[in-house]
Amino acid sequence: MPELPEVETVVRGLALQLIGQRIVAARAARPDLRWPLPARLPERLKGRRIEGFKRRAKYILMRLSGGESLLLHLGMSGRILLVRGAALPVAHEHLVIETDGGWRFGLVDPRRFGSVDLLRTAEEERHPRLAGLGPEPLGSGFTPALLGALLAKRRTTVKAALLDQRVVAGLGNIYASESLFRARISPRRIAAGLGARRIGRLHAAIRETLAAAVAAGGSSFSDYVQPDGELGYFQHAWQVYGRARCPVCPGPRACRGVVQIVQGGRTTYYCPRLQR
DNA sequence: ACTGTTACCTGATTGC
DNA sequence: TGCAATCAGGTAACAG
(Lines give C-alpha, C1' and ligand atoms only; values in the text may rest on other atoms or scores of the structure.)
Protein backbone atom coordinates (compact mmCIF):
# COMPACT_ATOMS: atom_id res chain seq x y z
CA MET A 1 0.00 0.00 0.00
CA PRO A 2 2.93 2.26 -0.26
CA GLU A 3 2.89 5.50 -2.13
CA LEU A 4 5.76 7.95 -2.44
CA PRO A 5 5.92 9.04 1.23
CA GLU A 6 5.92 5.50 2.57
CA VAL A 7 8.55 4.37 0.07
CA GLU A 8 10.65 7.43 0.87
CA THR A 9 10.47 6.59 4.56
CA VAL A 10 11.50 3.01 3.84
CA VAL A 11 14.47 4.22 1.81
CA ARG A 12 15.61 6.59 4.55
CA GLY A 13 15.38 3.88 7.15
CA LEU A 14 17.31 1.43 4.99
CA ALA A 15 19.99 4.01 4.25
CA LEU A 16 20.37 4.83 7.93
CA GLN A 17 20.85 1.22 8.97
CA LEU A 18 22.45 -0.63 6.07
CA ILE A 19 24.86 1.58 4.12
CA GLY A 20 28.42 0.26 4.19
CA GLN A 21 27.46 -3.26 5.23
CA ARG A 22 28.15 -6.41 3.27
CA ILE A 23 25.56 -8.99 2.32
CA VAL A 24 26.56 -12.26 3.95
CA ALA A 25 23.51 -14.32 3.02
CA ALA A 26 20.44 -14.06 0.81
CA ARG A 27 17.49 -16.35 0.23
CA ALA A 28 14.55 -16.29 -2.16
CA ALA A 29 11.53 -18.24 -0.95
CA ARG A 30 9.94 -18.52 -4.38
CA PRO A 31 11.04 -17.98 -7.97
CA ASP A 32 8.74 -15.06 -8.71
CA LEU A 33 6.59 -12.25 -7.42
CA ARG A 34 4.80 -10.35 -10.13
CA TRP A 35 7.58 -11.44 -12.49
CA PRO A 36 10.34 -14.00 -12.22
CA LEU A 37 13.16 -13.02 -9.92
CA PRO A 38 16.54 -12.61 -11.62
CA ALA A 39 18.27 -15.92 -12.12
CA ARG A 40 20.48 -17.00 -9.20
CA LEU A 41 19.62 -13.81 -7.32
CA PRO A 42 20.82 -14.94 -3.86
CA GLU A 43 24.22 -15.98 -5.19
CA ARG A 44 24.56 -12.72 -7.06
CA LEU A 45 23.75 -10.67 -3.94
CA LYS A 46 26.04 -12.48 -1.54
CA GLY A 47 29.33 -10.73 -0.85
CA ARG A 48 28.25 -7.35 -2.18
CA ARG A 49 28.60 -4.17 -0.21
CA ILE A 50 25.54 -1.95 0.14
CA GLU A 51 26.65 1.44 -1.11
CA GLY A 52 23.48 3.48 -1.00
CA PHE A 53 19.76 3.79 -1.60
CA LYS A 54 17.62 5.80 -3.92
CA ARG A 55 13.90 6.19 -4.47
CA ARG A 56 12.40 6.78 -7.91
CA ALA A 57 8.61 7.05 -7.98
CA LYS A 58 7.52 4.09 -5.81
CA TYR A 59 10.63 2.07 -6.59
CA ILE A 60 13.48 1.37 -4.19
CA LEU A 61 17.00 1.10 -5.59
CA MET A 62 19.67 -0.56 -3.44
CA ARG A 63 23.06 0.37 -4.88
CA LEU A 64 25.54 -2.48 -4.59
CA SER A 65 29.25 -2.84 -5.16
CA GLY A 66 30.05 -4.31 -8.54
CA GLY A 67 28.01 -1.69 -10.40
CA GLU A 68 24.60 -3.25 -9.94
CA SER A 69 21.44 -2.20 -8.11
CA LEU A 70 18.59 -4.18 -6.65
CA LEU A 71 15.29 -2.70 -7.84
CA LEU A 72 12.29 -3.31 -5.58
CA HIS A 73 8.63 -2.42 -5.90
CA LEU A 74 6.24 -3.05 -3.02
CA GLY A 75 3.05 -3.29 -5.06
CA MET A 76 -0.13 -3.02 -3.00
CA SER A 77 0.78 -5.13 0.00
CA GLY A 78 4.58 -5.06 0.14
CA ARG A 79 6.50 -4.24 3.33
CA ILE A 80 10.13 -4.23 4.37
CA LEU A 81 10.99 -5.80 7.70
CA LEU A 82 14.32 -4.91 9.26
CA VAL A 83 15.22 -6.85 12.41
CA ARG A 84 18.39 -7.64 14.31
CA GLY A 85 19.81 -11.12 14.03
CA ALA A 86 17.73 -14.24 13.66
CA ALA A 87 14.00 -13.84 13.41
CA LEU A 88 10.86 -15.90 13.59
CA PRO A 89 9.44 -17.01 10.26
CA VAL A 90 7.15 -14.44 8.69
CA ALA A 91 4.39 -15.37 6.26
CA HIS A 92 4.93 -14.19 2.67
CA GLU A 93 8.53 -13.19 3.24
CA HIS A 94 9.80 -13.79 -0.27
CA LEU A 95 13.33 -12.38 -0.12
CA VAL A 96 15.68 -12.27 2.87
CA ILE A 97 19.04 -10.50 2.96
CA GLU A 98 21.42 -10.71 5.94
CA THR A 99 24.27 -8.26 6.47
CA ASP A 100 27.54 -8.37 8.36
CA GLY A 101 26.13 -5.57 10.50
CA GLY A 102 23.69 -8.06 12.00
CA TRP A 103 20.59 -6.92 10.16
CA ARG A 104 18.03 -9.17 8.54
CA PHE A 105 16.15 -7.50 5.70
CA GLY A 106 12.91 -9.13 4.59
CA LEU A 107 10.61 -8.33 1.69
CA VAL A 108 7.07 -9.34 2.67
CA ASP A 109 4.30 -9.14 0.09
CA PRO A 110 1.17 -11.29 0.46
CA ARG A 111 -0.44 -10.29 -2.81
CA ARG A 112 2.81 -10.48 -4.74
CA PHE A 113 2.06 -7.45 -6.92
CA GLY A 114 5.54 -6.26 -6.07
CA SER A 115 8.66 -6.95 -8.08
CA VAL A 116 12.39 -7.53 -7.76
CA ASP A 117 15.04 -6.97 -10.41
CA LEU A 118 18.78 -6.54 -10.63
CA LEU A 119 20.14 -3.97 -13.06
CA ARG A 120 23.35 -2.22 -14.05
CA THR A 121 23.42 0.98 -12.02
CA ALA A 122 24.81 2.93 -14.97
CA GLU A 123 21.83 1.84 -17.09
CA GLU A 124 19.16 2.42 -14.50
CA GLU A 125 17.53 5.31 -16.38
CA ARG A 126 16.92 2.99 -19.31
CA HIS A 127 15.36 0.19 -17.29
CA PRO A 128 11.89 -0.57 -18.71
CA ARG A 129 10.23 0.07 -15.35
CA LEU A 130 11.99 3.42 -14.81
CA ALA A 131 12.23 4.88 -18.30
CA GLY A 132 9.12 6.88 -19.03
CA LEU A 133 8.34 7.82 -15.44
CA GLY A 134 7.22 11.40 -15.01
CA PRO A 135 8.84 14.05 -12.83
CA GLU A 136 9.53 13.56 -9.15
CA PRO A 137 6.94 15.80 -7.50
CA LEU A 138 9.31 16.84 -4.71
CA GLY A 139 12.17 17.56 -7.12
CA SER A 140 13.19 20.95 -8.48
CA GLY A 141 12.20 19.95 -12.02
CA PHE A 142 8.56 19.70 -11.05
CA THR A 143 7.18 23.12 -11.88
CA PRO A 144 3.65 24.39 -12.45
CA ALA A 145 4.52 24.85 -16.11
CA LEU A 146 5.62 21.22 -16.44
CA LEU A 147 2.56 19.91 -14.60
CA GLY A 148 0.36 22.04 -16.82
CA ALA A 149 2.03 20.76 -19.97
CA LEU A 150 1.65 17.14 -18.91
CA LEU A 151 -2.00 17.53 -17.92
CA ALA A 152 -2.83 19.46 -21.09
CA LYS A 153 -2.31 16.27 -23.09
CA ARG A 154 -4.80 14.22 -21.07
CA ARG A 155 -8.51 14.05 -21.79
CA THR A 156 -9.18 11.93 -18.69
CA THR A 157 -10.27 13.21 -15.33
CA VAL A 158 -7.60 14.95 -13.32
CA LYS A 159 -7.79 12.18 -10.70
CA ALA A 160 -7.00 9.51 -13.27
CA ALA A 161 -4.23 11.64 -14.73
CA LEU A 162 -2.60 12.05 -11.32
CA LEU A 163 -2.49 8.27 -10.90
CA ASP A 164 -0.60 7.93 -14.19
CA GLN A 165 3.05 7.58 -13.23
CA ARG A 166 4.08 9.31 -16.46
CA VAL A 167 2.44 12.51 -15.20
CA VAL A 168 3.56 12.57 -11.57
CA ALA A 169 5.85 9.80 -10.36
CA GLY A 170 4.86 8.43 -6.99
CA LEU A 171 1.32 9.65 -6.40
CA GLY A 172 -1.15 6.88 -5.61
CA ASN A 173 -4.83 6.63 -4.83
CA ILE A 174 -4.68 8.19 -1.38
CA TYR A 175 -2.39 11.11 -2.12
CA ALA A 176 -4.16 11.89 -5.39
CA SER A 177 -7.40 12.40 -3.44
CA GLU A 178 -5.59 14.29 -0.71
CA SER A 179 -3.81 16.60 -3.16
CA LEU A 180 -7.03 17.44 -4.99
CA PHE A 181 -8.72 18.21 -1.70
CA ARG A 182 -5.90 20.51 -0.66
CA ALA A 183 -6.06 22.21 -4.06
CA ARG A 184 -9.87 22.48 -3.83
CA ILE A 185 -10.23 20.94 -7.29
CA SER A 186 -12.97 18.47 -8.21
CA PRO A 187 -11.50 15.08 -9.14
CA ARG A 188 -14.06 14.91 -11.96
CA ARG A 189 -12.58 17.80 -13.91
CA ILE A 190 -10.92 16.96 -17.20
CA ALA A 191 -7.16 17.31 -16.80
CA ALA A 192 -6.67 19.23 -20.03
CA GLY A 193 -9.32 21.76 -19.01
CA LEU A 194 -7.58 23.04 -15.90
CA GLY A 195 -6.63 26.70 -16.02
CA ALA A 196 -3.41 28.24 -14.81
CA ARG A 197 -4.79 29.08 -11.39
CA ARG A 198 -5.92 25.52 -10.71
CA ILE A 199 -2.67 24.14 -12.10
CA GLY A 200 -0.77 26.37 -9.71
CA ARG A 201 -2.88 25.28 -6.74
CA LEU A 202 -2.58 21.64 -7.69
CA HIS A 203 1.19 21.86 -8.05
CA ALA A 204 1.54 23.43 -4.62
CA ALA A 205 -0.95 21.01 -3.07
CA ILE A 206 0.86 17.92 -4.39
CA ARG A 207 4.17 19.09 -2.99
CA GLU A 208 2.74 20.16 0.35
CA THR A 209 0.74 16.98 0.79
CA LEU A 210 3.65 14.69 0.00
CA ALA A 211 6.20 16.72 1.96
CA ALA A 212 3.98 16.69 5.05
CA ALA A 213 3.52 12.93 4.81
CA VAL A 214 7.26 12.34 4.38
CA ALA A 215 7.92 14.51 7.42
CA ALA A 216 5.32 12.58 9.40
CA GLY A 217 6.93 9.29 8.40
CA GLY A 218 10.38 10.33 9.48
CA SER A 219 9.27 11.73 12.80
CA SER A 220 6.88 8.94 13.74
CA PHE A 221 9.53 6.59 15.04
CA SER A 222 13.22 6.79 15.87
CA ASP A 223 15.67 5.45 13.32
CA TYR A 224 12.67 4.77 11.05
CA VAL A 225 12.40 1.22 12.38
CA GLN A 226 9.34 0.37 14.41
CA PRO A 227 9.55 -2.08 17.30
CA ASP A 228 8.20 -4.89 15.14
CA GLY A 229 10.86 -4.22 12.51
CA GLU A 230 8.48 -2.68 10.04
CA LEU A 231 9.90 0.14 7.99
CA GLY A 232 8.14 3.09 6.53
CA TYR A 233 4.57 2.74 7.66
CA PHE A 234 2.87 5.27 9.80
CA GLN A 235 -0.52 6.57 10.70
CA HIS A 236 -1.23 9.74 8.88
CA ALA A 237 -4.28 11.90 9.31
CA TRP A 238 -5.94 11.90 5.92
CA GLN A 239 -8.16 14.88 5.23
CA VAL A 240 -10.65 13.11 2.96
CA TYR A 241 -9.45 9.59 2.17
CA GLY A 242 -11.60 7.08 4.02
CA ARG A 243 -13.50 9.82 5.81
CA ALA A 244 -17.19 10.67 5.93
CA ARG A 245 -17.10 14.22 7.30
CA CYS A 246 -15.35 17.08 5.61
CA PRO A 247 -12.75 18.37 8.09
CA VAL A 248 -13.04 21.95 6.81
CA CYS A 249 -16.73 22.61 6.20
CA PRO A 250 -18.60 23.98 9.21
CA GLY A 251 -21.11 21.14 9.55
CA PRO A 252 -23.98 19.07 8.14
CA ARG A 253 -26.09 22.15 7.65
CA ALA A 254 -23.65 23.56 5.12
CA CYS A 255 -22.04 20.42 3.72
CA ARG A 256 -23.28 16.89 3.11
CA GLY A 257 -19.80 15.60 3.74
CA VAL A 258 -17.15 13.67 1.88
CA VAL A 259 -18.40 11.76 -1.15
CA GLN A 260 -17.01 8.53 -2.61
CA ILE A 261 -17.00 7.94 -6.34
CA VAL A 262 -15.32 5.32 -8.50
CA GLN A 263 -12.99 6.53 -11.23
CA GLY A 264 -11.12 4.05 -13.35
CA GLY A 265 -11.96 1.34 -10.88
CA ARG A 266 -10.44 3.22 -7.95
CA THR A 267 -12.32 4.94 -5.15
CA THR A 268 -11.99 8.73 -5.00
CA TYR A 269 -12.96 10.75 -1.93
CA TYR A 270 -13.79 14.42 -2.18
CA CYS A 271 -15.87 17.24 -0.79
CA PRO A 272 -18.23 18.51 -3.53
CA ARG A 273 -18.79 21.76 -1.66
CA LEU A 274 -15.14 22.76 -1.44
CA GLN A 275 -13.75 21.12 -4.54
CA ARG A 276 -14.90 22.71 -7.79
C1' DA B 1 -1.66 7.49 -29.64
C1' DC B 2 -4.98 7.63 -26.18
C1' DT B 3 -8.46 5.79 -22.86
C1' DG B 4 -10.83 2.67 -20.14
C1' DT B 5 -11.13 -2.20 -18.48
C1' DT B 6 -9.24 -6.40 -16.84
C1' DA B 7 -6.16 -9.30 -14.56
C1' DC B 8 -2.80 -10.45 -11.37
C1' DC B 9 -2.95 -12.29 -5.79
C1' DT B 10 -4.16 -12.78 -0.65
C1' DG B 11 -6.37 -11.17 3.44
C1' DA B 12 -9.56 -8.21 5.96
C1' DT B 13 -14.06 -6.65 6.23
C1' DT B 14 -18.95 -6.62 5.18
C1' DG B 15 -23.43 -8.52 4.53
C1' DC B 16 -26.67 -12.10 4.61
C1' DT C 1 -21.19 -18.30 13.73
C1' DG C 2 -20.31 -19.22 8.96
C1' DC C 3 -19.67 -18.37 4.48
C1' DA C 4 -19.66 -15.71 0.26
C1' DA C 5 -19.09 -11.39 -1.75
C1' DT C 6 -16.56 -7.24 -1.83
C1' DC C 7 -12.76 -4.39 -1.34
C1' DA C 8 -7.74 -2.94 -0.70
C1' DG C 9 -2.61 2.24 -0.88
C1' DG C 10 -0.37 -0.72 -8.10
C1' DT C 11 0.45 -1.33 -12.70
C1' DA C 12 0.85 -3.81 -17.06
C1' DA C 13 -1.58 -6.14 -20.72
C1' DC C 14 -5.32 -5.75 -23.38
C1' DA C 15 -9.42 -4.01 -26.29
C1' DG C 16 -11.53 -0.46 -28.58
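We use all heavy atoms of the structure for the numbers below, so side chains are in, but hydrogens, waters and symmetry mates are not. Labels below follow one simple rule: chain letters A, B, ... track the order of the sequence lines, proteins then strands, and each chain is numbered from 1.
Here dG10(C) is the nucleotide among dA8(C), dG10(C), dT10(B) with the atom lying nearest to any side-chain atom of Glu3(A). Here dT11(C) is the nucleotide among dT11(C), dG9(C), dA8(C) with the atom lying nearest to any side-chain atom of Lys58(A). Each of dA12(C), dG9(C), dC9(B) was ranked by its minimum atom distance to the side chain of Tyr241(A); first place goes to dG9(C). For Arg112(A), counting side-chain heavy atoms from C-beta on, the closest listed nucleotide (dG4(B), dG9(C), dC9(B)) is dC9(B). Of the candidate nucleotides dG9(C), dC9(B), dA12(C), dC9(B) has the atom lying nearest to any side-chain atom of Phe113(A). Listed candidates were dT3(B), dG10(C), dA12(C). Nearest to the side chain of Tyr59(A) is dA12(C). Out of dT11(C), dC2(B), dT10(B), the shortest distance to the side chain of Arg155(A) is found at dC2(B). Of the candidate nucleotides dC9(B), dT11(C), dG9(C), dT11(C) has the atom lying nearest to any side-chain atom of His73(A).
For Arg56(A) and Glu125(A), the salt-bridge test fails: no basic side-chain N is under 4.0 Å from an acidic carboxylate O.
The closest donor-acceptor contact from the side chain of Glu178(A) to the backbone of Gln239(A) lies under 3.5 Å. Panel note: side chain Arg154(A), backbone Leu150(A); no donor-acceptor pair is recorded below 3.5 Å.
As rounded to whole Å, 13 Å separates atom C1' of dG9(C) from atom CD of Glu230(A). Residue Asp164(A) contributes atom CG, which lies 12 Å from atom C1' of dG4(B) at whole-angstrom precision. When rounded to the nearest whole Å, the span between CG of Asp109(A) and P of dC9(B) equals 12 Å. Between the CZ atom of Arg243(A) and the P atom of dG9(C) there is a distance of 17 Å, rounded to whole Å. The CG atom of Leu4(A) sits 13 Å away from the C1' atom of dG9(C) (whole-angstrom rounding).
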Dot-bracket for DNA chain B, 5' to 3', counting Watson-Crick or G-U wobble pairs under 3.5 Å, with [ ] for crossing pairs and | for inter-strand pairs?
.|||||||.|||||||

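When only modelled atom types and interatomic distance are considered, Gln263(A) and Thr268(A) share a side-chain donor-acceptor pair under 3.5 Å.
Both tests pass for Arg184(A) against the ring of Phe181(A): distance under 6.0 Å to the centre and angle within 45° of the axis.
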Could you go over nucleotides 13-16 of chain C and give all protein N or O partners under 3.5 Å, atom names and distances?
none

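Side-chain contact between Leu210(A) and Glu3(A): absent, with no pair of heavy atoms (C-beta onward) separated by less than 4.5 Å. No side-chain heavy atom of Ile190(A) sits less than 4.5 Å from a side-chain heavy atom of Thr156(A). Using a 4.5 Å heavy-atom cutoff, the side chains of Ile50(A) and Met62(A) are in contact.
Judged as a side chain to side chain donor-acceptor pair (under 3.5 Å), and not counting sequence neighbours, the contacts of Glu98(A) are Arg27(A).
Residue contacts shown for Arg266(A) include a base, since a base heavy atom lies under 4.0 Å away. Residue Gly172(A) is in sugar-phosphate contact alone, with no base atom involved, counting any heavy-atom pair closer than 4.0 Å across all strands shown.
The phosphate of dG11(B) has OP1 or OP2 within less than 4.0 Å of a side-chain N or O from His92(A). Side-chain N/O atoms of Arg111(A) include none lying less than 4.0 angstrom from OP1 or OP2 on dG11(B).
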